[in-house]
Each structure stands twice: as C-alpha cells, then as structure tokens.
2 protein chains.
Amino acid sequence: MSLRHAVLGLLVDKPASGYDLMKLFNTSLANVWPATQSQVYGELARLAAGGLIDVAAEGPRGRKEYALTDDGLAELRRWLAEAQPGQQRSAALLRVFFLGVLTPEQAVHHLAEVAEQAASDHARLRQLQDSLDWDEEGMLTANGRLALEYGLRLHAMREEWAQWAAQQLTATTE
Amino acid sequence: MSLRHAVLGLLVDKPASGYDLMKLFNTSLANVWPATQSQVYGELARLAAGGLIDVAAEGPRGRKEYALTDDGLAELRRWLAEAQPGQQRSAALLRVFFLGVLTPEQAVHHLAEVAEQAASDHARLRQLQDSLDWDEEGMLTANGRLALEYGLRLHAMREEWAQWAAQQLTATTE
DNA sequence: TCCCGCATGTAATTCGTTACATGATTGG
DNA sequence: CCAATCATGTAACGAATTACATGCGGGA
C-alpha cells in the first residue's frame with residue numbers, strides 16, 4: 001500500500017493533477033517506485049473519497065488539481081515513522097538459486113551479464129547525479145540525493161558480488 | 001511470473017507435493033521468494049494443466065507428488081538464461097524521498113532505525129550461514145550460498161548507507 | 001482414542017500491468 | 001486547421017495476501 005504514500009508525498013510540495021503526478025513518477029520516482037497512469041488516477045479517486053486529498057482547483061480539459069488535506073499530511077507522517085519489513089522478492093536471486101540447472105559455463109556467463117547490467121545501472125545513476133548537481137531545489141532533491149547514493153552503492157555492490165560469484169563458480173569447477 | 005519458476009526449480013532436485021514445497025518456500029526460499037500456500041497449490045494446478053509438471057505418484061491423504069516434465073525443465077532453462085529487468089520498488093527508499101516532511105531529529109532517528117534493522121538482518125543471515133556450513137547437500141545449497149553472500153553484502157551496505165545518510169542530515173542541519 | 005501433523009483446496013480482496021477509449025486546447 | 005500535448009478514465013488480467021474450510025492417518 002505504498003503507491004498511496006508516494007502520491008501523498010508528491011503532493012506535499014504543491015498541488016498537482018494526475019497528469020502532473022505521472023510526470024513526477026516517470027522522472028524523480030522512476031527508480032524508486034514506478035507507477036502506471038491507471039494506478040495513479042485510481043488512487044487519486046480513492047484518496048479523495050477518503051478525505052486525504054481534495055480538489056483544490058479545476059482547470060481546462062477537466063483538469064483537477066488535488067491538494068493534501070490535514071488528514072493526508074498526518075497519514076503521510078504516520079507512515080514515514082512506521083517500521084519497515086524489509087522482506088522483498090528478488091527474481092535475480094531466485095535465478096542464482098537454480099543456477100545449478102545450467103552448465104557451469106552458462107552459469108558463469110549469466111553472472112557476467114548480471115555484472116554488466118549492474119555496471120550499466122551504476123553508470124546511468126552517475127549520469128543522473130551529474131545532471132542533478134547543478135540545480136538546488138528544496139527538500140525533495142536533497143533527500144533524493146540520499147536515495148540516489150543508495151542506488152549507487154547498491155549497483156556497485158551488485159557488480160562486485162556478481163564478479164565474486166562468477167569466480168567462485170570457476171574455482172569450484174576447476 | 002516467477003513463482004512458477006521457483007516451483008519448477010524446486011522440483012528439479014526431486015518430486016514433491018504442495019505440502020513439501022511449502023516447507024521449502026518457508027526455509028530455503030524464504031529470504032528470496034516468499035510464497036503462500038494458496039499460491040503454491042494454484043500454481044501446481046496450472047503447471048500440471050500446462051504439461052510442465054505431472055503427477056508422478058499419489059500417496060495417503062490425497063497426497064500428489066509432482067515431477068518436472070521435459071517441457072518443464074526446458075522452460076526453467078529458458079527462464080534462467082533470460083535477461084532481467086532489475087527495476088524494483090523499494091518502500092524504504094520511498095520513505096527517504098519524503099524524509100523532509102519530518103523534523104530533522106525525526107529523520108535522523110528514522111535512519112538510525114534503518115541502520116539497526118539492517119544490522120539485525122545481517123546478523124540473522126550470518127547465523128543462517130553458520131548453521132548451513134556443516135551439511136553439504138548438492139547444488140541447491142551451493143548456489144544458495146551465493147545468494148546468501150548477496151544478502152550479507154546487501155545488509156552491510158544498507159547499514160553503512162543509513163549511517164552515512166544520518167550523518168549527512170546532521171551535517172546539513174548544523 | 002485423540003491430537004498433531006499431513007495434505008488439499010476455495011474465496012475475497014488488493015495491487016499492479018497492459019491495453020483500450022475518449023476528448024479538449026493550444027501553439028505553430 | 002491540425003497535430004502534439006494535456007487530461008481523464010475503464011476493462012481485463014495476473015500476482016499476492018489473508019482467511020476460511022475440510023479431512024485423513026499415524027503415533028503416543
């Protein structure tokens with residue numbers, strides 16, 4: 001149930017329409033919490049029904065600008081302080097578990113691909129970081145930088161691990 | 001659609017019933033791809049209907065032992081070689097993005113909790129590692145060890161990052 | 001004999017993806 | 001005037017969670 005909180009979080013800064021929110025989901029939040037248009041519009045309707053947001057203004061083309069209500073802000077604060085489970089699925093790790101089904105050569109090749117993918121993800125984020133460093137806008141960007149650093153460390157870790165794992169496999173095989 | 005492949009993967013080793021599989025999901029795969037009983041039984045029925053597994057034996061209490069078919073093994077191999085997207089949601093990172101909504105003190109406190117959580121996750125996996133090192137069973141455990149190492153590195157990284165992030169916040173505030 | 005573990009399933013609900021459908025406005 | 005962008009929504013499906021429902025069999 002976190003899409004709900006992503007929407008609330010984006011509305012803290014300023015009121016926005018579903019269309020505006022989609023742009024934010026496709027840029028700032030793309031790496032952290034992707035969402036589709038259907039989902040966003042549906043969630044906006046539900047949030048409005050629950051009184052966590054309301055329509056602050058209407059514009060052309062049926063545009064509805066939603067703003068956070070006091071209840072909405074309270075709910076966001078509550079969620080932010082909440083403990084987190086941490087349990088998550090990983091298709092990548094699932095593949096590793098069953099790597100024994102492939103030949104050792106295929107398995108090593110697969111791990112090399114994982115390393116490459118991690119390296120390219122890392123490069124992509126580094127590029128994003130460079131483009132972000134120039135403008136200095138508010139809190140969202142500041143905390144976005146923390147999230148970005150997490151991503152950088154994660155992908156570096158993934159790459160090193162994949163290389164290590166490939167080496168483990170070749171060592172065992174020999 | 002990876003639950004399907006988790007089931008196929010577990011059946012490579014030896015035939016098993018839904019009940020058997022649930023035990024495996026709650027032990028070996030618990031950290032990587034948790035699944036519920038409903039899901040497993042449903043997927044077994046679908047896989048059998050699709051010819052990827054079949055009922056190899058029936059036992060007491062209506063027990064059905066499923067075994068991998070050639071088609072099933074082929075599908076598993078296909079999936080293993082497949083490229084991976086890597087895109088994944090992270091509620092933890094989403095929280096970081098909106099940390100500016102809290103007071104700096106609350107935010108730092110939250111990051112400290114994240115660090116603690118990571119440390120405890122790390123400790124749990126280290127314990128698992130110790131208990132696993134004694135028995136030496138087949139491929140599944142060998143590759144499970146690679147997955148375990150990933151988890152260890154991940155949680156170490158999470159802890160360090162959370163500490164770094166907390167420091168960033170206190171440095172900026174002062 | 002009685003309880004615990006084995007063993008299977010269904011139902012209801014939520015979340016997320018993909019695809020479809022439709023229309024208004026504005027700038028060139 | 002016409003195309004790109006703005007803007008909203010519905011439908012169908014698949015994946016996951018939680019809760020419910022039922023019953024056999026074997027060991028103490």
Side-chain angles (χ1 to χ4, degrees), chain A residues 1-8 10-11 15-27 29-50 52-66 79 85-91 94, chain B residues 1-8 10-11 15-27 29-50 52-66 75 79 84-91 94:
Chain A
M1 243 238 223
S2 286
L3 170 71
R4 166 180 228 92
H5 300 106
V7 169
L8 292 175
L10 290 174
L11 288 177
S17 69
Y19 192 86
D20 294 338
L21 290 176
M22 274 317 295
K23 279 190 290 189
L24 292 173
F25 271 102
N26 291 329
T27 54
L29 286 191
N31 296 291
V32 160
W33 201 275
T36 60
Q37 182 243 39
S38 310
Q39 241 183 315
V40 169
Y41 281 105
E43 195 60 50
L44 282 172
R46 250 167 287 140
L47 284 168
L52 300 184
I53 61 178
D54 56 19
V55 179
E58 305 205 18
R61 279 166 291 218
R63 173 186 176 93
K64 280 177 268 183
E65 263 187 0
Y66 292 94
W79 175 77
Q87 171 128 283
Q88 48 190 356
R89 295 180 167 74
S90 164
L94 191 58
Chain B
M1 240 234 225
S2 285
L3 171 71
R4 164 181 229 91
H5 301 106
V7 169
L8 292 174
L10 291 174
L11 289 176
S17 69
Y19 192 84
D20 295 338
L21 290 177
M22 273 318 294
K23 279 190 291 190
L24 293 173
F25 271 103
N26 290 328
T27 55
L29 287 191
N31 296 291
V32 160
W33 201 274
T36 60
Q37 183 244 37
S38 309
Q39 241 184 315
V40 169
Y41 281 105
E43 195 60 51
L44 282 173
R46 249 168 286 142
L47 285 168
L52 300 184
I53 61 177
D54 56 19
V55 179
E58 304 206 19
R61 277 165 292 217
R63 174 188 177 89
K64 281 178 268 184
E65 263 186 1
Y66 292 94
E75 166 57 19
W79 175 77
Q84 45 205 326
Q87 170 127 281
Q88 50 190 348
R89 294 178 168 76
S90 163
L94 190 59

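Here is how names work: the chains are called A, B, and so on, in the same order as the sequence lines, proteins then strands, and each is numbered from 1.
Proximity of Leu44(B) to Ile53(B): side-chain heavy atoms (C-beta onward) are separated by under 4.5 Å at one or more points. Within the 4.5 Å cutoff, no side-chain heavy atoms of Gln39(B) are placed close to those of Gln37(B). Within the 4.5 Å cutoff, no side-chain heavy atoms of Tyr41(A) are placed close to those of Thr36(A). In this structure the side chain of Gln88(A) never reaches within 4.5 angstrom of the side chain of Arg89(B), judged on heavy atoms.
In terms of position on DNA chain C, the residue among Arg61(B) and Tyr66(B) whose nearest nucleotide sits closer to the 5' end is Arg61(B). When the nearest nucleotides of DNA chain C are assigned to Gly18(B) and Gly62(A) by heavy-atom distance, the more 5′-ward of the two goes with Gly18(B).
Nucleotide dG16(C) holds its P atom 13 Å from the CG atom of Leu29(A), rounded to whole Å. Atom-to-atom, CZ of Arg63(A) to C1' of dT25(C) comes out at 13 Å; the value is rounded to the nearest Å. We find that CE of Met22(A) is positioned 13 Å from P of dC6(D), with the value rounded to whole Å. Between the CZ atom of Arg46(B) and the C1' atom of dG14(D) there is a distance of 8 Å, given to the nearest Å. dA7(C) atom C1' lies 12 Å from atom CG of Leu44(B), rounded to whole Å. Atom-to-atom, CD of Glu58(B) to C1' of dA7(C) comes out at 13 Å; the value is rounded to the nearest Å. At whole-Å resolution of the value, CG in Leu3(A) and P in dA16(D) are 18 Å apart. To the nearest angstrom, P of dC6(D) lies 13 Å from CG of Leu24(A).
The shortest distance between the side-chain N/O atoms of Lys64(A) and the OP1/OP2 oxygens of dG9(D) is below 4.0 Å.
Checked by distance alone, Ser17(A) brings no side-chain donor or acceptor within 3.5 Å of a matching partner on the base of dT8(D). Between the side chain of Ser38(B) and the base of dT18(D) there is at least one donor-acceptor pair of N/O atoms closer than 3.5 Å. With hydrogens and angles ignored, a donor-acceptor pair closer than 3.5 Å exists between the side chain of Gln37(A) and the base of dT8(D).
Using a 4.0 Å cut-off between a side-chain N of Lys or Arg and a carboxylate O of Asp or Glu, Lys64(A) and Glu58(A) do not qualify as a salt bridge.
Nucleic acid contact for Arg4(B): none, since no nucleic acid atom lies under 4.0 Å from a heavy atom of the residue.
Nearest nucleotide to the side chain of Gln39(B), out of dT8(D), dT17(D), dA7(C): dT17(D). Checked against dA7(D), dA7(C), dG14(D), the side chain of Met1(B) finds its nearest nucleotide in dG14(D). For Tyr41(A), taking side-chain heavy atoms from C-beta onward, the closest of the listed nucleotides dT8(C), dT8(D), dC15(C) is dT8(D). Closest contact between the side chain of Thr36(B) and the listed nucleotides dT17(D), dT8(C), dT10(D) involves dT17(D).
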